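Everything on this sheet refers to the single structure shown next.
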Amino acid sequence: TDAAGNLGSSGSDTVTIDTVNPTVAVDIVDASLNDADNASLVSFVFSEAPVNFTAADLTAVGGTVTGLAQDLVGDPSGKTWTATFTAADGFAGTGSVTVGNSWEDAAGNAGVGAADTVAIDRVNPTVTVDIVDTSLNDGDTASTVTFTFSEVPANFTDADLTVVGGTVTGLTQDLAGDPSGKTYTA
């Protein structure tokens, strides 16, 4: 009531409350990267459309991230972004793309970061060739040749050899002498 005794009417007001921190799921699409396939699409799917998400929010290990863009065609809600992760030449190990937590949603709630990983092998294999005999002559016309690889070769054959001044025969993987499979002899 007021001073004159009049009854007051009721009133109310509402306010939207949003204290939920937005999240993101990171997906490096390819399961592994190598020299033949050194890049992968990366998708970032947010629980809410981010307000200030940029490439500065990303940390890449074992490569670089380029082409960050919101995918409004595939997801008109604005929650999906894509980029390309390219593995660094000479890198072998676990690569990753991490989203930090400096981005936020429209309500100003800080984002919760996330990451994904990918196996990378962009180290080129090497081979050491050893002709065991230091010299050959009429009395000693043949020598064992050993090929020792840094990694097990996938398809090494005598067609991979360039021979000058003789021939190479009997190329075989030496699993008895090197069970790792990295050594061949001829």
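No hydrogens, no waters, no symmetry mates; every other heavy atom, side chains included, goes into these values. Bear in mind that the values here come from a model prediction, so they are computed numbers and not experimental data.
- Counting only residues at least two apart or in different chains, ring-ring contact (aromatic ring centres under 6.0 Å, His included) contacts with residues 112-153 comprise Phe147-Phe156, Phe149-Phe156, Phe149-Tyr184.
- The hydrophobic side chain of Val132 is isolated, with no ILVMFWY side chain under 4.5 Å apart from it.
- Counting only residues at least two apart or in different chains, ring-ring contact (aromatic ring centres under 6.0 Å, His included) contacts with residues 115-146 are absent.
- A 6.0 Å sphere centred on CD1 of Ile131 holds no more than 12 heavy atoms belonging to other residues, nucleotides or ligands.
- Here side-chain hydrogen bond (donor to acceptor under 3.5 Å, both in side chains) pairs that include residues 57-72, with residues two or more places apart or in two chains, are Asp57-Ser102.
- Under a 3.5 Å cut-off, the side chain of Asp89 and the backbone N or O of Phe91 do not form any donor-acceptor pair.
- Hydrophobic clustering keeps Leu41 apart from Val73 (ILVMFWY residues linked when any side-chain heavy atoms are closer than 4.5 Å, directly or through intermediates).
- Applying the side-chain hydrogen bond (donor to acceptor under 3.5 Å, both in side chains) rule to pairs touching residues 130-151 yields Thr126-Ser150, sequence neighbours excluded.
- Side-chain contact between Val129 and Val145 is present, with heavy atoms from C-beta onward closer than 4.5 Å.
- Between Gly95 and Ile120, the shortest heavy-atom distance links the atoms CA-CD1, 3.6 Å.
- Closest heavy-atom contact between Leu72 and Gly78: CD2-CA, 3.7 Å.
- The closest donor-acceptor contact from the side chain of Ser40 to the backbone of Asp30 lies under 3.5 Å.
- Under the 4.5 Å side-chain contact rule for hydrophobic residues, Val51 and Val99 do not share a cluster.
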Inset, instruction - Just do the side chain to side chain contact (heavy atoms under 4.5 Å, CB included) check on Val168 and Asp158 with the steps written out, would you? - result: CA-CA 8 Å; Val168 174; Asp158 56 359; 5.8 Å; no
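- A ring-ring contact (aromatic ring centres under 6.0 Å, His included) check over residues 54-73, counting only residues at least two apart or in different chains, returns nothing.
- Rounding to the nearest 0.5 angstrom, the gap separating the OG1 atom in Thr54 from the CG atom in Asn52 is 7.5 Å.
- Linking ILVMFWY side-chain heavy atoms closer than 4.5 Å, directly or via other members, places Leu161 and Val127 in a single hydrophobic cluster.
- Remark: the backbone N or O of Gly111 is not paired with any side-chain donor or acceptor of Asn109 at under 3.5 angstrom.
- Judged purely by atom type and a 3.5 angstrom limit, Asp160 uses its side chain to pair as donor or acceptor with the backbone of Thr157.
- When every heavy atom of Pro153 is checked against every heavy atom of Gly181, the shortest pair comes out as CD-O, 3.9 Å.
- Closest approach of Phe85 to Ala60, counting heavy atoms only: CE1-CB, 4.0 Å.
- Rounding to the nearest 0.5 Å gives a distance of 7.5 Å between OG1 of Thr82 and CG of Leu68.
- No donor-acceptor pair closer than 3.5 Å links the side chain of Arg122 to the backbone N or O of Asn38.
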Inset, instruction - Determine, step by step, whether Phe53 and Val24 satisfy the side chain to side chain contact (heavy atoms under 4.5 Å, CB included) criterion, reporting the C-alpha distance in whole Å, the side-chain angles of both residues, the deciding distance to 0.1 Å, and the verdict. - result: CA-CA 11 Å; Phe53 179 62; Val24 63; over 6 Å; no
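- Between the side chain of Asp116 and the main chain of Ile28, a donor-acceptor pair closer than 3.5 Å is present.
- When atom types are taken as modelled, the side chain of Asp27 and the backbone of Phe44 share no donor-acceptor pair closer than 3.5 angstrom.
- Panel note: side chain Asp105, backbone Glu48; no donor-acceptor pair is recorded below 3.5 Å.
- Of the options Leu33, Val61, Val42, a side chain to side chain contact (heavy atoms under 4.5 Å, CB included) to Val118 is made by Leu33 and by none of the others.
- Considering all non-hydrogen atoms of both residues, Pro22 and Ser47 come closest at CA-OG, 3.4 Å.
- Using modelled atom types, one finds no donor on one side chain facing an acceptor on the other under 3.5 Å when comparing Asp174 with Thr183.
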